[in-house]
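Just so we're clear, the structure is a prediction, and the values are computed from it rather than from any experiment. Reminder, nothing fancy here: chain letters follow the sequence lines and each chain counts from 1.
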Amino acid sequence: MRLSRFFLPILRETPKEAEIVSHRLMLRAGMVRQESAGIYAWLPLGLRVLRKIEEIVREEQNRAGAIELLMPVIQSADLWRESGRYEAYGKEMLRIADRHEREMLFGPTNEEMITEIFRAYVRSYKDLPLNLYHIQWKFRDEVRPRFGVMRSREFLMKDAYSFDLDAAGARHSYNKMFAAYLRTFARMGLKAIPMRADTGPIGGDLSHEFIILASTGESEVFCHSDYLDMPTPPADIAFDDREVMQGLFDEWTKRYAATSEMHDASAFDALSESQRVSARGIEVGHIFYFGTKYSQPMRAVVNGPDGKETPVQMGSYGIGPSRLVAALIEANHDDAGIIWPESVAPFTIGLANLKVGDAATDAACADLYARLEKAGIDVLYDDRDERPGAKFATLDLIGVPHQVIVGPKGLAEGKVEVKNRRTGAKESLSPDEVINRFTA
RNA sequence: CGGGGUAUGGCGCAGUCUGGUAGCGCAUCUGCUUUGGGAGCAGAGGGUCGCAGGUUCGAAUCCUGCUGCCCCGACCA
């Protein structure tokens, strides 16, 4: 992408409403624009990151055996009356009426709808297990939206729903999502620690929150230091092997880890000084096993091997990709701006032409740009007629992991500079070496 | 939902107390000079002062009502 043809509305000053660093940087880098309290437009740069995150989430859901579909954002009130949550959900649910005065709502979550879809088609235990998910916009009318997309009213959520014949099967489904979540966050360069959680309004008796550590996190968390170095489950782990999955779950939950609401000070204090990690955290995922809470009232039943009808055992599993964008910035930034992990970066390379109009730099940049693009690398080519300082500041701000800097001085010796945004390390390489570096 | 604050050009702000027809920095546009860490000079454009009433010869400024947004607390992907 040529920057001169892109839409990147950078702000030099920080809008006053932005309190936390991720919100400030998202506004300054032209990633989002607030349209109303807790409602944001995603500008091109922000959208590229959101899509990268979505794709990682999708790949790991698919790997764990979940199947993608897409449910609507607008739902019927009748569906929610069946489960009893229409009244119970309260003011967080945005209720609307259509032209026929039919009561509708903007979905805050999809347990009812997925259960309705399930019961319409599935009759036999032979069709289980089943795990269906979608990535769709949700609306929860938060009392007090804040922190930009970290706590917004409209937000993107990946929600998966598992269906099993019995509790043991549901447990296995839960464990598979548990493993998928560990992989998902690890691929984004995040250390997400599963912590036992309250089930809240979703209900049920088994639940974990996935918390990433960040100094600006909303909640206080406590955990065993071993969690900082636990190995991520490999891509080819045996998702269908119940014992392997249970073993992984047990390994990841046997040590102390809790948010402040679930904190047990005496258990935590039993750890040695060096084992105690007390930090701030951001919730990026939440998984629940809730049995027949919805299948019972909504009559989602299957015929078991014994010929009897049984309500299915369900679980639900959520990740907020839009919140993750902010969480990733909270965990990856410095004074100059954002530092994207490579897997979610909007562009992999920022190519800066320090002297637009100079025949040599123009030609060198055009050549590098074409060859890197041809190799399938996302390159942002800063071909604007700006001074070098402005280009450095822009690339630092938007956090592109690698900067390739082409100026007359280096080019006179056949060299361009490659700078690593995270480490600040600079190398002087020939254009051919640059191509090899990034295409090898 | 309780408490507090705020609303003036794209962004950040002054002007409001004491009424006289709107200003500064950044950004934008034009020209010249510049060009390895957010350039300099000269010129230009852009604002129903949140909305609706009212007081007054005259309202950004005073009065009344409303709305948006932000912050602090209790709740949440």
If you check every side-chain atom of F155(A), which of G36(B), G38(B), A77(B) has the closest atom? A77(B)
Which salt bridge (charged side-chain N to carboxylate O under 4.0 Å, His left out) pairs, counting each pair once, include a residue from residues 331-357 of chain A, with sequence neighbours left out? D334(A)-R421(A)
Find the partner of C1(B): check Watson-Crick (N1-N3 plus N6-O4 or O6-N4) and G-U wobble (N1-O2, O6-N3) distances, both under 3.5 Å, and reply none if neither fits. G73(B)
G15(B) versus C62(B) - spacing of their P atoms, nearest Å: 12 Å
Among C69(B), A77(B), G36(B), which nucleotide sits nearest the side chain of S36(A)? C69(B)
Donor-acceptor pair present, E417(A) side chain and G36(B) base, under 3.5 Å: yes
Protein-nucleotide distance (D382(A), atom CG; G37(B), atom P), rounded to Å: 15 Å
Do the charged groups of K293(A) and E111(A) touch, with an N to O distance under 4.0 Å? no
With rounding to the nearest 0.5 Å, note down the distance linking CD in E283(A) to NE2 in H208(A). 12.5 Å
Establish, with yes or no, whether the OP1 or OP2 oxygen of A39(B) is under 4.0 angstrom from a side-chain nitrogen or oxygen of R387(A). yes
Testing C69(B), A77(B), C75(B) for proximity to the side chain of Q34(A), the answer is C69(B)
Per-nucleotide protein contact string for nucleotides 5-16 of chain B, where B marks a base within reach and S marks sugar-phosphate only (heavy atoms under 4.0 Å, - for neither): -S----BSS---
Over all strands shown, is E19(A) touching base, sugar-phosphate only, or nothing at heavy-atom distances under 4.0 angstrom? sugar-phosphate
Considering every strand and a 4.0 Å limit on heavy-atom distances, what is the contact class for G318(A): base, sugar-phosphate, or nothing? nothing
Describe the nucleic acid contact of T394(A) in one word from base, sugar-phosphate, nothing, applying a heavy-atom distance below 4.0 Å. base
Tell me whether the count of non-hydrogen atoms from other residues, nucleotides or ligands lying under 6.0 Å of CZ in R196(A) goes above 12. no
Within this structure, what is the CD-to-C1' distance between E386(A) and A27(B), rounded to whole angstrom? 11 Å
Suppose you measure atom P in A60(B) against the same atom in U21(B); what distance do you get, rounded to whole Å? 10 Å
Could you identify which residues of residues 334-352 of chain A place a heavy atom less than 4.0 Å from some atom of RNA chain B, listed by residue number, or say none? none
From G38(B), C69(B), G36(B), pick the nucleotide closest to the side chain of A37(A)? C69(B)
Counting only heavy atoms from other residues, nucleotides and ligands, does the tally under 6.0 Å from CZ of R33(A) exceed 12? no
G37(B) and A42(B): how far apart are their C1' atoms, nearest whole angstrom? 27 Å
Can you identify which nucleotide, out of A77(B), G36(B), C72(B), has its nearest atom closest to the R140(A) side chain? A77(B)
Base paired to U48(B) (Watson-Crick or G-U; both N/O distances under 3.5 angstrom): none
Nearest-Å distance for atom pair CD1/P, residues I39(A) and C70(B): 11 Å
Kindly indicate whether the side chain of D141(A), heavy atoms from C-beta on, has any atom under 4.5 Å from the side chain of M93(A). no
Can you tell me which nucleotide in G38(B), C72(B), A77(B) comes closest to the side chain of S322(A)? A77(B)
Short N-O contact, R58(A) and E54(A), less than 4.0 angstrom: yes
Nearest 0.5 Å, what's the NE2-CZ distance between H224(A) and F268(A)? 10.0 Å
Any-strand Watson-Crick or G-U partner of C29(B), both distances under 3.5 Å: G43(B)
For R384(A) and N353(A), what are the C-alpha separation, side-chain angles and deciding distance, and is it a side chain to side chain donor-acceptor pair (under 3.5 Å)? CA-CA 8 Å; R384(A) 298 172 303 166; N353(A) 183 343; over 6 Å; no
A7(B) pairs with, by Watson-Crick or G-U criteria that keep both distances under 3.5 Å: U67(B)
Please report, rounded to the nearest Å, how far the P atom of G38(B) is from the CG atom of L395(A). 14 Å
Rounding to 0.5 Å, atoms CZ (F7(A)) and CG (L45(A)) come to a distance of 11.5 Å
Would you confirm whether K191(A), through its side chain, and L228(A), through its main-chain N or O, come within 3.5 Å as a donor-acceptor pair? yes
Tell me whether the side-chain N/O atoms of K91(A) come closer than 4.0 Å to OP1 or OP2 in C1(B). yes
Using a distance-only criterion (donor-acceptor N/O pair, under 3.5 Å, no hydrogens), is the base of G36(B) paired with the side chain of K419(A)? no
When both hydrogen-bonding distances must be under 3.5 Å and the geometry is Watson-Crick or G-U wobble, what is G36(B) paired with, if anything? none
Describe the nucleic acid contact of D396(A) in one word from base, sugar-phosphate, nothing, applying a heavy-atom distance below 4.0 Å. base
Quick one: label L324(A) by what it contacts on the DNA or RNA (base, sugar-phosphate, nothing), any heavy atom closer than 4.0 Å. nothing
With the side chain defined as heavy atoms from C-beta on, I10(A) is closest, among A77(B), G38(B), G37(B), to G38(B)
Please step through salt bridge (charged side-chain N to carboxylate O under 4.0 Å, His left out) for the pair K254(A) and D226(A), ending with a clear verdict. CA-CA 11 Å; K254(A) 71 184 186 193; D226(A) 281 2; over 6 Å; no
Given the structure, check if the side chain of R384(A) and the base of G38(B) hold any donor-acceptor pair shorter than 3.5 Å. no
Applying the Watson-Crick and G-U wobble criteria at under 3.5 Å, what pairs with G58(B)? Answer none if nothing qualifies. none
Quick one: which of G37(B), G38(B), G36(B) gets closest to the side chain of K426(A)? G37(B)
Any strand: nucleotide that pairs with G12(B) via Watson-Crick or wobble, under 3.5 Å: C24(B)
Interatomic distance, H333(A) atom NE2 to D396(A) atom CG [nearest 0.5 angstrom]: 14.0 Å
What's S152(A) touching, base or sugar-phosphate or nothing? Going by heavy atoms closer than 4.0 Å. base
Return the nearest nucleotide to the side chain of A390(A); candidates are A77(B), G36(B), G38(B). G38(B)
Provide, to the nearest angstrom, the distance between the CG atom belonging to L27(A) and the P atom belonging to C69(B). 15 Å
Go through U35(B), C75(B), G38(B) for me and flag the one nearest to the L397(A) side chain. G38(B)
